[in-house]
Each structure stands twice: as C-alpha cells, then as structure tokens.
Amino acid sequence: MNCKIALIRGDGIGPEVVGEAVKVMEAVGEKYGHQFTFVDVLMGGCAIDAVGTSYPEGTAEKCRACDAVLLGAVGGPKWGHATEAAKRPENALLSIRKDLELYANLRPASLRPALADACPLKKETAERGIDLMIVRELTGGIYFGRREKYMTEDRGEEAADRMAYSEMEIERIGRRAFELARLRNKKVASVDKANVLETSRLWRKTMHRLAEEYSDVAYEDVLVDNAAMQLVKDPGQFDVVVTENMFGDILSDEASMITGSIGLLPSASIGDHAPGLYEPIHGSAPDIAGQDKANPIATILSVAMMFRYSFHLPEEAAAIEKAVDQVLAEGWRTADIAKPGEETVGTVRMGELIRERL
Ligand code: IPM
Ligand code: MG
C-alpha cells in the first residue's frame, strides 16, 4: 500500500510525539511492505508565530491531498490571550474539522491491563474493566453556532452562543455509533439533556428511530448529568456512548481520566470522505515540551486507529497495539504513568521500545 500522510506537528510536545509516531509508521511499513510519504502542514500556535494566523490559507487543501492527517497538539499559554479568531490556535482545530467534514470523533477510553492500578476509581470498579468508546459529534452544535456579544440597556454586556442540530447531523453520527457498536459489544448509550433542551429532544427522537432499525443493538438514553455520574460510578456498563459536541468534549475528558493516563489515549475524527484526522487526546503540555519527557503512546495508538479506520489495515493496527501493551506489561513507563520512585524512560526511548516489539 502507498499512503500519503499530512503531519501537523503543532506546538509544545506535538513535534516530539509525532516524531516517534512517524518512526513507528516507517517500521510498520518496512515490516508489512507499505510505503508512507509525509507532508508537513503548518497549523496552530507555531503558524501564528511563523505567518500570523493559526490556520494558514491552503491548510485544508494540503490535508485533502493526503490519505490521512496526523496531528500532535496545538495551543499553549503563549497564545492564550488573543481574542481575534486567527490568533487562536483552537480556532484552527475547529476550522479543520469543519473544512474536512470530520463529523464523527471517536474517543476510546480503555484501561490497559498493565495499568489497571493507575485507575483512580475503586479497585472493584477497575477490576470490572473499562472499555468504552465515546462517539462525539464534532462539526455541529454550540461550538459552531452563531456567537454574539452586545450591550444591553440595563444589564451590561451580554453574550450568546447558539446551539442547533439538524436531523441529518444527528442521524449520520447516530449511524456511526450503531455501526461501531455492532463491531464491539452491541450497546449504545445516547447522552442528551432532553428534559431541558429542544436540540436534545430532536436528538432523542432521531436516535429512537435508528434504534428500531438497529434492533440487534441494545439502546438506552442517559441524561448528561447522570452520564457524568455513571462514568465514575460504574464505567464498565458502557460500550459505545454517542453524544453531541459539547457534552462529548466534557465527557471524553472525564472518561480519559478514569483510565489513569491521558497520555495513552488516541482519537480519530472521521467523515464520509478521506482524509480522517488522528490525534492524541492530550494537549500540548508546554511545561514539559522539548525535554524528552512526553509520553508518545497516545500518538502511536492514534496511528493504529489511522491504520484501522483510514487504511483498512487491521492487522497492522493490532500489531501496534500489541507492541504498546507488551512494553507496558514489561514495566516500561514514561513519567506520566510511573508510580513514585519507579524508573522512567523518555519520549524517544519509549518510541524505540515499541518499535523493537513490532
Ligand atoms: C478537544 C479540545 C477542543 C474541543 C478545543 C481545544 C477546541 O478540547 O479536542 O476536545 O473542544 O474540541
Ligand atoms: Mg476537549
């Protein structure tokens, strides 16, 4: 296979973790006879510094010319105060998701066997296992609705953000969730706030229609406040969790926390057309940038997702996941997942250990 991959190395630890992921891809390519070509794409805070905008002209076109996009991390306190959209790294993230129509964000949260004791929940809860997939709607809702700020006569300044969802948007993300559940444990929990929000009532109605169609999949509605509670009380009950953009943003951070390390979790953002975008869930961690301390595993596991969902290479994906599990089982740890006093390895060494086990 011949694949072209856009690399958005980004800010903070982004370049370091992407560097290790690229080496893993090259090792897989060599072993399984695939050819990977890489194209660097400038986006995020580094783009603001270089060309004055976080999302330079042509960014989406450059990515569209590739089969998949790998992103490290964008943002950092250095660019945290800007109000103008072009000067905000996060704005580039929202723009690329919209431009590439990446409406489905898959965020797995699973407790890796070797790290079960990193789970901050009760021992009995961890023992039950955690293996859930959050399917977050990524190009609609309040993050993309009209934003307003205006002066009122008697209440000072006022701001508003509009949350809108169409049946089409709900149906396509719903289908993704049900299809995924069929490949997993055949359970879908749809999270909404239908006791308050009109968008949620449309969400629920649409999901119920799909649930009838996918009658082989067990379905339940969960209110978002209850979902937040259930995630820490009994996460083992969930398989696929599908929800709108903002609820998914919040719940996926919560889900990542209960697995013990955000440094381990990958994500995929996909639409109906190539390319998909793959990135670790963690941020740019500027405090440890450039020190060979970052954990490259989340980015390396993002490559496994890329192989599975964009290149349809499940065997290669599984080989990467197995190599990661093996390194962890042997006791190798980066600082973020080490227990006090435990010996640690750096970013580059961790990457190397994983490659050696492929
Ligand atoms: C995420 C991030 C982004 C989001 C921000 C940085 C715009 O929190 O990927 O979850 O909210 O989608
Ligand atoms: Mg987030």
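Quick note: residue numbers are just sequence positions, from 1. Counting starts at 1 for both ligands and their atoms, following the listed order.
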* Are side-chain N/O atoms of S190 and D221 paired as donor and acceptor at under 3.5 Å? -> no
* To do: Classify the side-chain pair S284/D11 by whether it contains a donor and acceptor separated by less than 3.5 Å.
  => no
* Closest protein heavy atom to atom 10 (O) of ligand 1, given as residue, atom name and distance to 0.1 Å -> D249 OD1, 2.9 Å
* Is the closest N or O pair between Y143 and ligand 1 shorter than 3.5 Å? -> no
* Between the side chains of T206 and Y165, does any donor sit under 3.5 Å from an acceptor? -> no
* Asked: Thinking salt bridges, do R349 and E352 make one under a 4.0 Å N-O criterion?
  -> yes
* Among R88, E90, R97, which one has a heavy atom closest to atom 9 (O) of ligand 1? -> R97
* **Distance flag, aromatic centroids of F307 and F36, threshold under 6.0 Å** => yes
* Return yes when R107 approaches ligand 1 closer than 4.0 angstrom through a heavy atom, no otherwise. => yes
* **the Mg ion (ligand 2) to D249: nearest N/O/S atom name** => OD1
